[in-house]
2 protein chains.
Amino acid sequence: MKHPSARPLPDASPDCRPPRRRRKEARPSELTAAALALFVEKGFAATRLEDIAARAGVSKGTLYLYFESKEALFKTVIEEGMVAALAAAEQRLSDFQGSAAELLQQLLFGWWEQIGRTPMAGVTKLIACESSNFPEVAQYYHDRVRSRGRALLRTTLQRGVGSGEFRPVDLETTIDVIMAPLLMLAIARFSPGFCSLGTTPESYLQTHFELLVNGLRRSSGALAKPPTGDRQ
Amino acid sequence: MKHPSARPLPDASPDCRPPRRRRKEARPSELTAAALALFVEKGFAATRLEDIAARAGVSKGTLYLYFESKEALFKTVIEEGMVAALAAAEQRLSDFQGSAAELLQQLLFGWWEQIGRTPMAGVTKLIACESSNFPEVAQYYHDRVRSRGRALLRTTLQRGVGSGEFRPVDLETTIDVIMAPLLMLAIARFSPGFCSLGTTPESYLQTHFELLVNGLRRSSGALAKPPTGDRQ
DNA sequence: TGCGTTAATGACTACAGAGTCAGTAATATA
DNA sequence: TATATTACTGACTCTGTAGTCATTAACGCA
């Protein structure tokens with residue numbers, strides 16, 4: 001039972017509710033962080049704005065001081081995450097020297113350190129799950145983030161093939177195959193039961209890397225053809 | 001402007017609305033098929049029951065004749081999908097003879113033929129996206145579907161390692177790495193822009209298979225250690 | 001200490017969509 | 001053809017939540 005206007009005195013219960021604070025600067029990032037966590041956990045549609053606000057320690061009204069709508073908040077969350085991911089990726093790109101295998105290893109583990117193990121990995125799951133509800137966002141991700149990540153791998157593979165360290169491969173398809181375990185790792189972190197690893201992410205990546213480098217080495221024997229060659 | 005009870009005559013507009021049909025047997029599967037498609041496209045929370053009903057060619061009331069609630073419908077969709085997936089997997093398991101590489105190829109392409117390229121692949125995306133909203137469903141998937149798929153791969157790898165065809169590897173981690181591109185393929189089919197392949201699924205799988213078999217072969221040289229060995 | 005500015009609040013409105021049910025019509029049976 | 005049965009319908013109710021806004025109180029400044 002709740003009194004409509006009970007106890008109008010300012011400090012009704014001594015320290016029940018912490019005092020209101022004015023922190024205009026800090027709110028937006030706190031709100032997007034809370035939103036990212038909840039969107040990733042529950043999905044966009046199933047997440048209540050009041051829960052986001054509560055997690056950020058403000059009321060729902062405050063949220064609307066900083067974001068026009070739920071959708072605008074979502075887009076900001078994704079945008080921020082992508083910017084962070086891009087910055088991380090570009091940084092380690094440019095001036096690395098060493099074998100193609102070493103560069104590949106740098107890329108895989110660097111991705112994990114700077115994106116995979118941070119909250120930014122949640123953006124990956126969000127794109128995967130919500131892309132058909134937000135085509136523009138998906139397009140943006142595809143054009144900017146994904147293509148840049150692919151470019152890094154492409155350069156690496158080309159260097160390896162050019163130097164004879166790797167055998168010739170179909171570049172684009174190989175890139176897809178290399179990225180898949182990374183994307184799955186990002187998704188698995190937020191999908192309990194779906195793909196829980198038996199080991200640590202680090203040894204998972206290491207196994208991926210070893211299989212990969214071994215698989216890319218110049219091989220002697222020919223490989224089998226696909227079993228159903230008559231598929232269109 | 002809509003008349004409250006305009007035109008009570010039976011055939012108001014000639015063939016505007018097709019005649020009502022009674023098809024008790026066919027409804028449930030038609031409804032679950034429609035639900036799967038929409039849940040996969042929009043997610044559980046963002047899908048409206050009226051849209052599902054409309055896609056199945058019935059009214060919302062009819063849906064409630066066959067399913068207790070939206071959640072019950074969701075669980076039936078997943079359950080059905082998993083049963084189908086299991087049946088497909090078990091079938092191809094038992095009496096295959098041949099090299100471990102050939103068996104592995106059978107598993108990858110068989111998965112694609114019977115699950116990956118069918119609507120059942122959508123179940124994979126649903127589990128990935130909704131698992132935290134439906135922990136019991138995720139648990140069931142983990143215990144029954146995923147573990148059985150892993151068992152198939154484990155048997156295959158063990159055979160290859162035992163016969164000396166493959167080098168010794170960490171079984172569980174390798175299984176995770178092998179499955180990741182399959183799961184991504186299933187998810188990518190329903191996530192426009194997220195991971196659209198540059199090639200056909202078949203050549204994607206073939207590249208994955210070739211890298212894999214090559215990577216699993218007995219290798220001569222030692223491989224590099226991970227760059228950040230001091231991680232906890 | 002008092003005053004003006006504005007960050008923050010939470011009760012409120014509007015609406016969408018899950019779930020209901022009295023009524024309708026397709027089919028079986030006589 | 002008349003009657004009984006029941007698959008099906010869609011207008012309705014009710015709940016939950018996105019979005020609003022008049023009010024409150026934190027902070028800067030005189």
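Heavy-atom basis, side chains included; hydrogens, waters and symmetry copies ignored. Since the structure is predicted, the reported quantities are computational estimates derived from the model, not experimental observations. Here is the naming used below: chain letters follow the sequence lines, and residue numbers restart at 1 for every chain.
- The distance from atom CZ of A:F67 to atom P of D:dT20 is 15 Å, rounded to the nearest whole Å.
- Counting to the nearest Å, the C1' atom of C:dG19 and the CD atom of B:E50 are 11 Å from each other.
- For the pair A:L31 CG and C:dT9 C1', the interatomic distance rounds to 14 Å; values are reported in whole Å.
- Side-chain atoms of A:R20 come within donor-acceptor range of the base of D:dT24, with a qualifying N/O pair under 3.5 Å.
- Mapping B:G57 and A:A46 onto DNA chain D via the closest heavy atom, the residue that lands nearer the 5' end is B:G57.
- Looking at which nucleotide of DNA chain C each of B:K70 and A:V58 is closest to, the 5′-most match is held by A:V58.
- Side-chain N/O atoms of B:R22 and base N/O atoms of D:dA7 include no donor-acceptor pair closer than 3.5 Å.
- Between B:R150 and B:D176, at least one side-chain N (NZ, or NE/NH1/NH2) sits under 4.0 Å from a carboxylate O, which counts as a salt bridge.
- In this structure, A:R48 reaches the sugar-phosphate backbone alone: every heavy-atom distance under 4.0 Å involves primed, P, OP1 or OP2 atoms, never a base.
- Nucleic acid contact class of B:L49 (heavy atoms, under 4.0 Å, all strands): sugar-phosphate only.
- Per the geometry, CD belonging to A:E25 stands 19 Å off P belonging to D:dA26, to the nearest Å.
- Residue B:K24 contributes atom NZ, which lies 16 Å from atom P of D:dT5 at whole-angstrom precision.
- Distances were taken from every side-chain heavy atom of B:R21 (C-beta onward) to each of C:dT20, C:dT27, D:dG10; the shortest belongs to C:dT27.
- The minimum heavy-atom distance linking A:F194 with B:A128 is given by the pair CE2-CB, 3.7 Å.
- C:dG19 atom C1' lies 14 Å from atom CD1 of B:I52, rounded to whole Å.
- At a cut-off of 3.5 angstrom, the base of C:dG10 holds no donor-acceptor pair with the side chain of A:K60.
- For A:R27 and C:dA8, the shortest distance from a side-chain N or O to OP1 or OP2 is below 4.0 Å.
- Along DNA chain C, the nucleotide nearest B:P19 and the nucleotide nearest A:L63 are compared for position; the residue whose nucleotide lies closer to the 5' end is A:L63.
- Atom-to-atom, NZ of A:K42 to P of D:dT17 comes out at 10 Å; the value is rounded to the nearest Å.
- Using a 4.0 Å cut-off, no side-chain N or O of B:T62 falls inside it from OP1 or OP2 of D:dC8.
- Between B:T155 and B:L103, the closest side-chain pair of non-hydrogen atoms is not below 4.5 Å.
- Between B:F74 and B:F39, the angle of the ring planes goes over 60°, which puts this pair in the perpendicular group of the 30/60° scheme.
- Remark: P of D:dC8 and OH of B:Y64 are 17 Å apart, rounded to the nearest angstrom.
- Proximity of A:Y66 to the phosphate of C:dA8: a side-chain N or O atom is located under 4.0 Å from OP1 or OP2.
- Under a cutoff of 6.0 Å and an axis angle of 45°, B:K75 and B:F134 do not form a cation-pi pair.
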